[in-house]
Amino acid sequence: MSEPGEKRFETLTVHAGHEPDAESGAVVPAIQPSATFQQDAVGSPRGGFEYARTGNPTRNALESAIAELEGGTHGVAFASGMAATQALFYRLGPGDRLLLGDDVYGGTWRLADKVMARYGVLVDVVDLRDLDVVASAMTAETKMVWLESPTNPMLKVVDISTVARLAATAGALTVVDNTFATPYLQRPLELGADVALHSATKYLGGHSDAVTGMVATRSDEVAERLHFHQNAAGAVPSPFDCWLILRGMRTLAVRMDRACANAALIAEWLTHRPEVSAVHYPGLPDHPQRELVERQMRQPGGMLSFQLRAGETEARRVAGATKLFTLAESLGAVESLIELPAVMTHASVAGSPLAVPHDLVRLSVGIEAAEDLVADLEQALTGR
Ligand SMILES: Cc1ncc(COP(=O)(O)O)c(C=O)c1O
């Protein structure tokens, strides 16, 4: 994976999107809460801003930062990851087909299946790891391929450059939900995808204190349409939330390093537990796409899931028995979280081609001491 621009990624994360203020010397960007901006004459906004839904300085800083980190030329911020997803789905019209990976965030499936389908968008679901299946699923009507890698919650890994190439040949746009990996571990635009999307609520913000979505692209056309929808539909983040995400992004690299190290250790430890029937983590030597993980990602990430030999009831008990891992939805923050996808984050995929195992427990591994996290899981697994 190449470094974006001339600086190394760790340096970019600290400085992306802002510089010390020219007047005050403040090293931290200001939060600009103004909803509207003075015009010198009709149609001549003094500082280039008119109304804060259309654009404001704090959001601009955040949008520049994500563009820089993803190696794109444009960044567009939204009120949530789902608002960003919807803005991209707005590209699809009646009769268009969306090719969706068979393991994605439950809310993405819900929006495609329950909302977009009502507007005549047809959704095809395939295992995007199977490139023959991907090639044969592309039709003249396929306008968008939507993938996660690693996927939520099964941690499948998809060959982004090959899927993007197949999509481009068919005239379809490739969108990679890069929430799990972050641009520190994987840069989809460099691999040929058209769009990298984030629930910035997760690793980019990193502290579970702001809900925001972001998109990065190198396409002027995609960015122009997204900015149009951002303004037209108005699902924008507040300047304060933009500032929080920008602050969180400055420590992305160090947080990810620690979360990845902890997750690798826990995943390996879980493989030796008699209570556990399967561990899903892209860093394990027997992960089915191990070679692809090494080619496509800097490190395998801080997310993992595992299945309980004793089944669903035991999975529920374990998820409720941890003391350090908090039982909660969401992921990607400094604190470790545990959840049951089938009834929590992925409840909306029940009965669909994306259904997830009921004995599956998902961990978002935080940056606490690994020994404490292992001890917590041990007491939860053994019930002692
Ligand atoms: C992979 C992934 N994409 C998108 C989303 C949606 O983001 P948000 O909750 O910020 O709307 C989530 C939320 O959990 C997610 O896990």
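For ligands, and for the atoms within them, numbers begin at 1 and follow the listed sequence.
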Under 3.5 Å between any N/O of Phe180 and any N/O of ligand 1: does that happen in this structure? no

Check your understanding: Hey, what's the ring geometry for His346 with Tyr105, parallel, tilted or perpendicular (30° and 60° as the breaks)?
Key -> perpendicular

(request) Report yes or no: do Glu335 and Ser208 form a side-chain donor-acceptor pair below 3.5 Å? (result) yes

Taking only non-hydrogen atoms of Thr201 and a 4.0 Å limit, the atoms of ligand 1 in range are 10 (O)

Item to check | Heavy-atom gap Thr345 to ligand 1 smaller than 4.0 Å | outcome: no

heavy-atom search around atom 5 (C) of ligand 1 in the protein gives Tyr105 CD2, 3.4 Å

- Under 3.5 Å between some N or O of ligand 1 and some N or O of Asp177? yes

Rounding to 0.5 Å, atoms CG (Leu98) and CE (Met116) come to a distance of 8.5 Å

Close N or O approach (Ser199, ligand 1; < 3.5 Å)
yes

If we number the atoms of ligand 1 from 1 as shown, the ones under 4.0 Å from a heavy atom of Lys202 are 7 (O), 9 (O), 12 (C), 13 (C), 14 (O)

Q.
With no hydrogens and no angle check, just 3.5 Å: does a side-chain donor-acceptor pair link Ser199 and Thr201?
A. yes

Check whether the side chains of Asn231 and Tyr51 place a donor and an acceptor atom closer than 3.5 Å, and report yes or no. no

If you measure from each heavy atom of Glu329 to ligand 1, is any distance below 4.0 Å? no

Given the options His287, Arg362, Gln307, His280 meets side chain to side chain donor-acceptor pair (under 3.5 Å) only with Gln307

the protein heavy atom lying closest to atom 16 (O) of ligand 1 turns out to be Asn152 ND2, 3.2 Å

With distance as the sole criterion, is a donor-acceptor pair present between the side chains of Glu224 and His227 under 3.5 Å?
no

Any heavy atom of Leu331 under 4.0 Å from ligand 1? The part involved is side chain

